[in-house]
Amino acid sequence: MASIRAFSGVQPTGRLHLGNLLGALRQWVAHQHTRENVFCVVDLHALTIPEKVDPAQLRDASRRVAATYLAAGIDPAVSRVFIQSHIREHAELAWVLTCVTPLGWLERMTQFKSKSEGRETVGHGLLAYPVLQAADILLYDTHVVPVGEDQKQHIELTRDLAIRFNHLFGDTFVVPELTLPPAGARVMGLDDPTAKMSKSIAVDRPNHAVFLDDAPKKAAKKIMRAVTDSGCDYNPSTASAGVVNLMGILGACTGEAIDDIAARFEGQGYGYLKKEVADAVVAELEPIQARLAEYLDDPAALDAVLTPSTEAVRAIAQDTMARVRAAVGIG
Ligand code: TRP
């Protein structure tokens, strides 16, 4: 068994999109045979903006994200997939970590600043969001956290918290490392290629993202409508952000190098590029959608994966939490 353990997670808020697939799930799948993997659906994090929680749907949304992990190629023979709230230790460790977290560390998180901007009330949970994330990671003696660039600050905070706790209470936690996806795995919004493709933006702007469960025709249409420019420049260092984004998506789907894509389309209108991107994305989505439908039609098949996975990770979480309780003198 590989000795490096990876942990990552996605919130069950909104539908997963092409950015989640190429930037996260794909990377998890690519490395799953060389390390131990724990992939979590972070439903407790979904509560941090309570105004957006739909209690009737949250449980289903969590199962759907778990099913999407599997449909995207996460192999339960080598990777664990579970739902965060099913392991009570996440909340318990989050509290203990909260007590060693200086307020200033949380107040300077850029994600907190942007998520709290313009809100009438900002919940304590939103401020504490990165502490819960740190608990997720530290609970499993995680070595590497494969996430997008936007999570860098949260992983640094996790490291700082592990170091601070170890210093105050004795060596307890593994200090994890961040692993970023390869350049080109960052997918930008189709309607605004200056912003990362995002679930929350896509809620109000349907042409922002291709969802993993979009019908092929719809997916293709969104790509044909993607923002480019009025010129004809494929040079990766001078082309507009929209064109670079489309070439990046094509390369991520087919494995072709960006320079080769650029050379191939030189002198042709962007419609040709878009058509190829649309075909490549649809080819990528079709098998995922077929597998997702199987899991959604058969809840018992999903449970057959989630139940043993959850029990396996529970053992690790309980072990770590026992160490933490001993270290701080509780329990
Ligand atoms: N904050 C992460 C995101 O928005 C989700 C997340 C929660 C996470 N806990 C985690 C990612 C632990 C990696 C590890 O993408």
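In each ligand, atom 1 is the first atom listed, and ligand 1 is the first ligand listed. Count residues from 1 along the sequence.
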Less than 3.5 Å apart, which donor and acceptor atoms pair up between the side chains of residues 157-165 and the rest of the protein, not counting sequence neighbours?
| unit_1 | atom_1 | unit_2 | atom_2 | d |
| --- | --- | --- | --- | --- |
| Thr158 | OG1 | His154 | O | 2.8 |
| Arg159 | NH1 | Pro176 | O | 2.8 |
| Arg164 | NE | Val100 | O | 2.7 |

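Around atom CZ of Arg88, no more than 12 heavy atoms belonging to other residues, nucleotides or ligands sit under 6.0 Å away. Residue Arg59 places its CZ atom among 12 or fewer non-hydrogen atoms of other residues, nucleotides or ligands, all under 6.0 Å distant. Atom CD of Glu117 sits in a sparse spot, with 12 or fewer heavy atoms from other residues, nucleotides or ligands closer than 6.0 Å.
Geometrically, Lys218 does not engage Phe211 in a cation-pi contact defined by less than 6.0 Å to the ring centre and at most 45° from the axis.
Residues with a heavy atom under 4.0 Å from ligand 1: Phe7, Ser8, Gly9, Val42, His45, Tyr129, Gln133, Asp136, Ile137, Val145, Val147, Gln151.
For the ring-ring contact (aromatic ring centres under 6.0 Å, His included) with Phe39, the lone residue among Trp28, Phe7, Phe82 that qualifies is Trp28.
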